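What follows is a short report on a single structure.
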Amino acid sequence: MLKTYRGSCHCGAVRFEADIDLTRPTYRCNCSVCRRNRFWPAIVMPDAFRLLAGEGELVEYRFNALRNSHHFCRICGVRPFGIGNNVPDGQRIYGVNLGCLEDATPEELDAAPITYVDGAHDNWQQAPAITRYL
């Protein structure tokens, strides 16, 4: 069920809202950046994501093939979202960090299904052999 959630970085400088269905898959990735900052995204389309404040406080980071942009608050360092610019169907997507949602209940987060992906080896269709640490 689609629901509008509000979220922010830790210091509150970056604020957003997004329409997310937490009964749909969420993702945990073992690539170097997601693993290091424990990024846990739900995927939303551009029309379902609204940046409310803090555009000037965001720092963009790209690595490897430079396909995806990772956005961090320059003040507190939290990564509230990322943008996938080269996904299989060619459409741009937003990855909203569930850890940044202010009004998602523990029950909603606990029930959200997780799909594990092996981004460390560009093997997006198969889970890595070990996932508990993600």
Side-chain angles (χ1 to χ4, degrees):
M1 173 169 65
L2 207 58
K3 180 177 171 181
T4 300
Y5 293 93
R6 296 179 72 81
S8 67
C9 62
H10 189 258
C11 72
V14 177
R15 304 193 65 70
F16 65 88
E17 64 181 20
D19 305 323
I20 303 172
D21 182 350
L22 286 178
T23 66
R24 306 270 310 151
T26 63
Y27 295 87
R28 297 306 280 268
C29 176
N30 67 346
C31 80
S32 57
V33 72
C34 290
R35 183 174 39 105
R36 282 177 172 81
N37 62 50
R38 298 286 195 210
F39 191 58
W40 179 21
I43 304 304
V44 300
M45 302 313 290
D47 62 347
F49 179 85
R50 294 163 298 283
L51 185 61
L52 303 175
E55 184 173 1
E57 301 304 336
L58 288 169
V59 176
E60 179 186 28
Y61 175 66
R62 291 180 185 237
F63 71 102
N64 197 8
L66 308 177
R67 295 183 303 217
N68 300 314
S69 54
H70 310 273
H71 296 267
F72 298 84
C73 173
R74 75 173 65 247
I75 299 168
C76 66
V78 167
R79 178 183 175 196
F81 65 93
I83 301 174
N85 296 302
N86 187 11
V87 294
D89 66 4
Q91 192 166 13
R92 180 182 214 192
I93 58 171
Y94 281 73
V96 175
N97 189 351
L98 298 185
C100 292
L101 298 181
E102 298 169 348
D103 49 2
T105 67
E107 293 81 11
E108 288 174 307
L109 295 173
D110 184 59
I114 298 173
T115 298
Y116 293 94
V117 296
D118 188 5
H121 301 101
D122 277 335
N123 187 1
W124 304 100
Q125 305 309 317
Q126 188 170 347
I130 301 171
T131 60
R132 282 182 59 133
Y133 71 102
L134 300 173

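Because only heavy atoms are used, hydrogens play no part in the values below, and waters and symmetry mates are left out as well, while side chains stay in. Model, not experiment: these values are computed from the prediction.
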Please check if [X] and [Y] belong to a single hydrophobic cluster, counting links between Ile, Leu, Val, Met, Phe, Trp and Tyr side chain heavy atoms closer than 4.5 Å.
X: Tyr61; Y: Leu51; result: no
X: Leu134; Y: Val96; result: yes
X: Phe49; Y: Ile93; result: no
X: Tyr94; Y: Val14; result: yes

- Message: Holding to salt bridge (charged side-chain N to carboxylate O under 4.0 Å, His left out), I want the full list of residues that pass it with Arg24, two or more places apart in sequence or in another chain.
- Response: none
Please tabulate, for side-chain N and O atoms in residues 70-83, each donor-acceptor pair with protein atoms closer than 3.5 Å (sequence neighbours left out).
residue, atom, partner, partner atom, Å
His70, ND1, Arg79, NH2, 2.5
His71, NE2, Ser69, OG, 3.1
Arg74, NE, Gly56, O, 3.3
Arg79, NH1, Asn37, OD1, 3.4

Pairwise distance [atom1]([X]) to [atom2]([Y]) - rounded to 0.5 angstrom:
X: Glu17; Y: Glu102; atom1: CD; atom2: CD; answer: 11.0 Å
X: Glu57; Y: Cys9; atom1: CD; atom2: SG; answer: 8.5 Å
X: Cys29; Y: Asp118; atom1: SG; atom2: CG; answer: 7.5 Å
X: Cys100; Y: Phe16; atom1: SG; atom2: CZ; answer: 5.5 Å
X: Arg38; Y: Arg28; atom1: CZ; atom2: CZ; answer: 7.0 Å

With no hydrogens and no angle check, is any side-chain donor or acceptor of [X] less than 3.5 Å from a backbone partner on [Y]?
X: Asp21; Y: Met1; answer: yes
X: Thr4; Y: Ala18; answer: no
X: Asn30; Y: Ala120; answer: yes

- Message: Taking side-chain contact (heavy atoms from CB on, under 4.5 Å) as the definition, give me every residue that meets it alongside Asp103, ordered by chain and number, with sequence neighbours left out.
- Response: Tyr5, Arg6
- Taking all non-hydrogen atoms of both residues into account, name the closest pair between Asn68 and Gly84 and its distance.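 Nearest pair, atom of Asn68 first, then Gly84: OD1-CA, 3.1 Å.
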- Query: What are the two closest non-hydrogen atoms of Leu109 and Trp40, and how far apart are they?
  - Reply: O-CH2, 3.5 Å
- Query: Between Leu98 and Leu22, is a side chain to side chain contact (heavy atoms under 4.5 Å, CB included) present by the stated rule, with each step listed?
  - Reply: CA-CA 10 Å; Leu98 298 185; Leu22 286 178; 3.9 Å; yes
- Within a reach of under 6.0 Å around CD of Glu55, are more than 12 heavy atoms found that belong to other residues, nucleotides or ligands?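 Atom CD in Glu55 is not packed in, count stays at 12 or less.
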- Worked check of side chain to side chain contact (heavy atoms under 4.5 Å, CB included) between Tyr27 and Cys34: CA-CA 10 Å; Tyr27 295 87; Cys34 290; over 6 Å; no
